[in-house]
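Take a look at the structure set out below.
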Amino acid sequence: MVKYGLDYTRCRWILPLLLGIGVIFGIIALAGRGWLESQTLPYMQQASLWQSCRRPAQGGDWSCESLMGYAWGRAAAATYLVGFILLVICFALAIIAFAIDTLRFNFIRGIGGLLFVAAVFSIMGLVIYPVKFSTEIEMTGINMFSWAYGFGWTTAIMEICLGFFFCCLPNYEDQILGNVKPTYFYSSP
């Protein structure tokens, strides 16, 4: 990307595209029911960020309990949701920043800083949830934190990595804008 510069049309939208993928992963984590699942048959427990469901027997009906009745459930949901909202704001700001012909590199560094703040909030929610869930709610059988919880961690990791990219991109401002003369390593005989 640095070799061709951000004016190279295919490379210009890579970072906003990756932020968009992070937003999609965050939506999957928020809406997914697979934060915690039973690992073996008969499946007896399934939980999302918002509720915990269990069934007594193989053919029984699922009974669900809201996690918003617990203070830790509200804290986990609120911190992860704040991190997700900050990610969406960064996505919108990145589209604006890269759509302008003249890049504002300090603006891009600000997006990187905001991504680090979003990562902190997301990680707080992702740590509160399993610690308090496993101590406060009775679990039967063998359970595992599953695919939707993994999407939440993927979103947090993407926020950290993209934060580094957005913060480090202004360091290569001259190379991106083409203001550096090429250096030739040639010596005559």
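Looking at every heavy atom in both residues, G163 comes nearest to L115 through N-CD1, 3.8 Å. Residues Y80 and A29 share a closest heavy-atom pair of OH-CB, 3.5 Å. In terms of heavy atoms, A156 sits closest to A119 at O-CB, 4.1 Å. The two residues G113 and C167 have their closest heavy-atom pair at N-SG, 3.8 Å. The shortest non-hydrogen separation linking A97 to I111 is CB-CD1, 4.2 Å. Across every non-hydrogen atom of F91 and P16, the tightest pair is CE1-O, 3.2 Å.
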| Worked check of side chain to side chain contact (heavy atoms under 4.5 Å, CB included) between Q45 and I137 | CA-CA 11 Å; Q45 184 134 7; I137 294 183; 4.2 Å; yes
| request: Let me see the working for C90 and F166 under side chain to side chain contact (heavy atoms under 4.5 Å, CB included), right down to the final yes or no. | output: CA-CA 10 Å; C90 288; F166 275 94; over 6 Å; no
| Checking side chain to side chain contact (heavy atoms under 4.5 Å, CB included) for the pair L81/L30: CA distance, chi angles, key distance, verdict? | CA-CA 8 Å; L81 196 58; L30 285 169; 3.9 Å; yes
| said: The test is side chain to side chain contact (heavy atoms under 4.5 Å, CB included); show your working for L15 and I108 and say whether it passes. | reply: CA-CA 11 Å; L15 293 177; I108 292 173; 6.0 Å; no
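Linking Ile, Leu, Val, Met, Phe, Trp and Tyr whenever their side-chain heavy atoms come within less than 4.5 Å leaves L36 and M144 in two separate clusters. Clustering ILVMFWY residues whenever any of their side-chain heavy atoms sit less than 4.5 angstrom apart, transitively, puts I89 in the very cluster that holds F165. Two different hydrophobic clusters hold I157 and L87 under the rule that ILVMFWY side chains link at heavy-atom gaps under 4.5 Å. Put simply, I85 and I123 are part of the same group of oily side chains (I, L, V, M, F, W, Y) that touch within less than 4.5 Å, one to the next.
Counting only distance, with no hydrogens or angles, the side chain of W50 and the backbone of R33 share no donor-acceptor pair below 3.5 Å.
Taken from CZ in F151 to CD1 in I27, the straight-line distance is 12.0 Å, to the nearest 0.5 Å. Of the inter-residue distances, the one linking Q51 atom CD with S63 atom OG reads 10.5 Å to the nearest 0.5 angstrom. To the nearest 0.5 Å, atoms CG (L17) and CD1 (I95) are separated by 9.5 Å. In this structure, the separation between OG on S52 and CD on Q46 is 9.5 Å, given to the nearest 0.5 Å. Of the inter-residue distances, the one linking L86 atom CG with F121 atom CZ reads 6.5 Å to the nearest 0.5 angstrom.
Between L67 and Y129 there is a side-chain heavy-atom pair separated by less than 4.5 Å. Here the side chains of Y70 and K132 are not in contact, with every heavy-atom distance at 4.5 Å or above. With contacts defined as side-chain heavy-atom distances shorter than 4.5 Å, the pair L93/F107 qualifies.
Sequence neighbours left out, the pairs with a member in residues 148-159 that pass side chain to side chain donor-acceptor pair (under 3.5 Å) are S122-E159, Y149-W153.
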